[in-house]
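Reading through the structure tokens given below for one structure.
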Amino acid sequence: MQPIDRRTFVKAVAGTAALAAREAVTATTASPGAVFLSTWIQGKAANARAAETLKSGGSLLDAVEKGINTAEDDPNITTVGYGGLPNAEGEVELDAAIMDGARHRAGAVASLRQIKNPISVARLVLEKTRHTTLAGEGAFRFALQMGFRPQQLLTPESLKKWLDWKADPKRQTFWLNPADNHDTIGMVGTDGQGHVVAGCSTSGLAWKIPGRVGDSPLVGCGVYADDNVGAASATGDGDLMTNYCTSISIVHAMARGASPQEACVELLRHIVKTDPANRTAQVGVIALNTRGEIGAACIAKNFQLKYALWREGEGRFLESITLF
Ligand code: ASP
């Protein structure tokens, strides 16, 4: 991908009124204290828990893990953890990853069944093993060894949604077109002292083909964190985004001098440039650097990214800029 300098970036966005107007909202000023940035509405509670965890003496990794647990535990969030919509066979399969910018190491789990807090299992992969990613049956057995209790992750509501989908002769399947039912929680955070962590957790795309692994548990795709630069996370069509190594691309753009906002836009422009059909792609990204400056962007209005920002003791819920 070609890096863009600041002037080219400004010129490129100047013509897009909606983009410019929303840019103000994204407030990219440096922040002295801790900052948490999370995707979608579930990010509000997640940020609040993360901030509370850090304040009461937890580490930044604890903060991101506990923050993300709030979305995993909530049965009303149908895209993460307990209550997440299942695969085509009615099984909930969860993906999650957490990356520590200080150690430059991540832990991840993919296609994990029956365990509602995959981010915590991912954290233990990071802390207790020298592996980075565990998948499927092995991830499940590891979770049991770590003391997690298996449970049914379908709620009456998610079961009903799956039965309705199954009963619909015209239902969309992933052998054809992607359905539109997903919204990962992705979180990036800094402690205000130059340390960054990224995490994300998802049930992936509803009705996915069993065994499908999205971008979320893939290091460099769903999450990336480097204390020399910053952190990024992604939400949206993981089958598409995996091909762009979304999060590491953003962090590398920041390493070349882009602000988090510029880095997000640069990557999204690249995705559209390589295939104009991606002008309507469901891609949303968030990023922050070690100074607490933030960025958030999505490609298209049909997938308007909303995100929660916690900074200087205050939580806000915002809309990202859109490219088109
Ligand atoms: N990226 C996730 C996946 O494809 C879904 C989402 O973020 O909405 O599994």
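Counting starts at 1 for both ligands and their atoms, following the listed order. We count residues from 1, following the sequence as given.
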Worksheet item: Can a salt bridge be assigned to the pair Arg123 and Asp62 using a cut-off of 4.0 Å between side-chain N and carboxylate O?
Response: yes
Fill in: Lys116 to Tyr82, cation-pi by 6.0 Å centre distance and 45° axis angle
no
Item to complete: Please could you name the atoms of ligand 1 that Asp215 approaches to less than 4.0 Å, counting only its heavy atoms?
Response: 1 (N), 2 (C), 3 (C), 4 (O)
Discussion item. If I apply the N/O under 3.5 Å rule, does Arg212 come out as touching ligand 1?
Written reply: yes
Discussion item. So for ligand 1, is Ala234 a polar contact partner (N or O within less than 3.5 Å, distance only)?
Written reply: no
Worksheet, complete the sentence: Quick note on ligand 1: atoms under 4.0 Å from a heavy atom of Ser216 include exactly 1 (N), 2 (C)
Fill in: Numbering as shown, the atoms of ligand 1 that approach Gly204 to under 4.0 Å (heavy-atom distance)
9 (O)
Worksheet item: Is Lys208 near ligand 1, meaning one of its heavy atoms is under 4.0 Å from it?
Response: no
Worksheet item: Which ligand 1 atoms does Thr184 reach within 4.0 Å, using its non-hydrogen atoms?
Response: 1 (N), 2 (C), 5 (C), 6 (C), 7 (O), 8 (O)
Worksheet item: Do any nitrogen or oxygen atoms of Gly238 come within less than 3.5 Å of a nitrogen or oxygen of ligand 1?
Response: yes
Worksheet entry | Contacts of Leu163 that satisfy side chain to side chain contact (heavy atoms under 4.5 Å, CB included) - sequence neighbours left out | Leu159
Fill in: salt bridge (Lys or Arg N to Asp or Glu O under 4.0 Å) partners of residues 208-223, not counting sequence neighbours, each pair once
Arg212-Asp239
Discussion item. Pairs of nitrogen or oxygen atoms closer than 3.5 Å, one from Asp183 and one from ligand 1: do any exist?
Written reply: yes
Worksheet item: So, Tyr244 and Thr274: side-chain donor and acceptor under 3.5 Å apart, yes or no?
Response: yes
Worksheet item: Between Lys161 and Glu157, is there a side-chain N and carboxylate O pair less than 4.0 Å apart?
Response: no
Worksheet entry | Six-ring centre of Phe140, Arg113 cation under 6.0 angstrom, axis tolerance 45° | no
Discussion item. I'd like to check which ligand 1 atoms, numbered from 1 as shown, lie under 4.0 Å from a non-hydrogen atom of Thr235.
Written reply: 6 (C), 7 (O), 8 (O)
